[in-house]
Amino acid sequence: MLIVPEREIQGLMTRDAAFDAVEKVFAAMAAGDAYNFPVVREAIGHEDALYGFKGGFDKAGLTLGLKAGGYWPNNLEKRGLINHQSTVFLFDPDTGKASAMVGGNLLTALRTAAASSVSIKHLARQDAKVIGMIGAGHQATFQLRAALEQRPFEKVIGWNYHPEMLPNIEKVAAEAGLPFEAVDLPGMAEADVIISITSAFAPSLMSDHVSNGTHIACMGTDTKGKQEVEAALLARARVFTDEVAQSISIGEAQHAIAEGLITEADVAQLGAVINGTHPGRTSDDQVTLFDGTGVGLQDLAVAAAVVDLAVEKGIAIEVDF
Ligand code: NAD
């Protein structure tokens with residue numbers, strides 16, 4: 001069995017490798033070659049922790065495994081550790097033997113950023129110039145850095161519920177040599193692409209704040225009850241997702257479905273656009289929306305990629321198991 005510790009991920013995994021892995025696995029999901037297992041998520045009654053498993057099997061990439069982990073709210077204060085903790089375990093699909101154990105914390109951030117980037121590549125207008133960020137926390141910086149590689153953006157605008165956090169994304173814009181402007185929510189009308197990545201339970205971005213032709217990647221809503229954008233925006237947009245079952249139950253679409261504004265049939269897999277079996281955006285006026293809920297197969301795909309990179313560089317630790 002090979003071990004790739006968390007401390008090695010930063011030096012091994014690239015945004016390009018994460019992008020390729022996620023794009024491929026979304027395509028495999030839409031082709032019926034890869035499927036996610038039901039998610040387990042439990043409040044374990046210890047340290048207020050939420051712990052669970054996300055797993056799946058990709059028959060095309062021959063990747064089988066799971067990500068185990070969750071959220072320990074006291075980690076930072078009590079122990080100086082980050083609150084989100086996860087580890088990916090891969091298994092040989094021919095034998096069932098454990099094949100790799102990989103640190104999953106940074107990989108989660110990279111695979112989530114890759115998902116919105118893949119959506120921008122396939123759904124945003126080619127002439128997109130202004131990118132808007134709703135959210136400025138830990139994950140927002142990853143989303144923005146990856147998104148900036150998808151179009152020749154000329155400007156970043158941002159809004160955050162806690163405005164004092166906006167310098168986090170301003171820094172990423174500056175690294176890329178782009179101007180940054182803090183805006184109010186109606187100011188988002190200037191954006192050609194919007195990424196929302198917050199932990200909100202009520203919508204911030206309303207349909208009126210969005211101009212025709214915009215692509216929106218909603219990345220924060222991954223649990224029942226969370227919501228970042230007005231449900232009416234999903235009724236107005238062409239809606240795409242990583243996995244339809246998750247989108248309508250724990251993703252942004254849960255609200256538009258509950259309000260009777262859209263049905264399950266209105267939500268398409270982004271993978272189908274990648275495979276060319278769905279046309280995706282068909283006019284420059286359309287609003288497109290990607291409901292990125294986060295699937296186990298994304299974790300397995302980036303973990304498998306990082307194991308290959310670790311083997312190539314002689315960094316993987318081999319143990320007899
Ligand atoms: P974080 O704690 O670093 O940042 C939270 C962000 O939410 C900040 O911008 C904060 O200002 C904003 N926020 C908090 N309360 C708000 C409110 N009431 N209204 C509007 N905004 C509010 O967290 P993070 O690591 O950046 O993660 C952000 C979200 O992304 C979380 O909800 C997390 O569960 C989700 N997430 C999703 C995926 C996925 O695959 N879809 C993956 C990782 C994280």
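FYI, side chains are in, hydrogens and waters are out, and symmetry mates aren't considered; it's all heavy atoms of this structure. All ligand and atom numbering here is 1-based and tracks the order in the structure. Heads up: numbering here begins at 1 and tracks the sequence.
- At a cut-off of 3.5 Å, with distance as the only test, no side-chain donor of Lys54 or Ser86 sits close to an acceptor on the other residue.
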Under 3.5 Å, sequence neighbours excluded: what are the donor-acceptor pairs made by side chains of residues 169-181?
residue, atom, partner, partner atom, Å
Glu175, OE1, Arg145, NE, 3.3
Glu181, OE1, Lys155, NZ, 2.7

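- Hydrophobic clustering (side-chain heavy atoms under 4.5 Å, transitive across Ile, Leu, Val, Met, Phe, Trp, Tyr) keeps Ile82 apart from Val302.
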Atom pairs and distances, side-chain donor-acceptor, residues 31-39, under 3.5 Å, sequence neighbours left out:
residue, atom, partner, partner atom, Å
Asn36, OD1, Gly296, N, 3.4
Asn36, OD1, Leu297, N, 2.9
Asn36, ND2, Glu243, OE1, 2.7

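- Glu154 is linked by a side chain to side chain donor-acceptor pair (under 3.5 Å) to nothing, counting only residues two or more places apart in sequence or in another chain.
- Sorted by chain then number, the residues whose non-hydrogen atoms approach ligand 1 to under 4.0 Å are Arg111, Thr112, Gly135, Ala136, Gly137, His138, Gln139, Asn160, Tyr161, His162, Met165, Ile197, Thr198, Ser199, Ala200, Ser204, Met219, Gly220, Asp222, Lys226, Gly292, Thr293, Gly294.
- Side-chain contact of Glu230 with Ser207: a donor-acceptor pair under 3.5 Å is absent, judged by distance alone.
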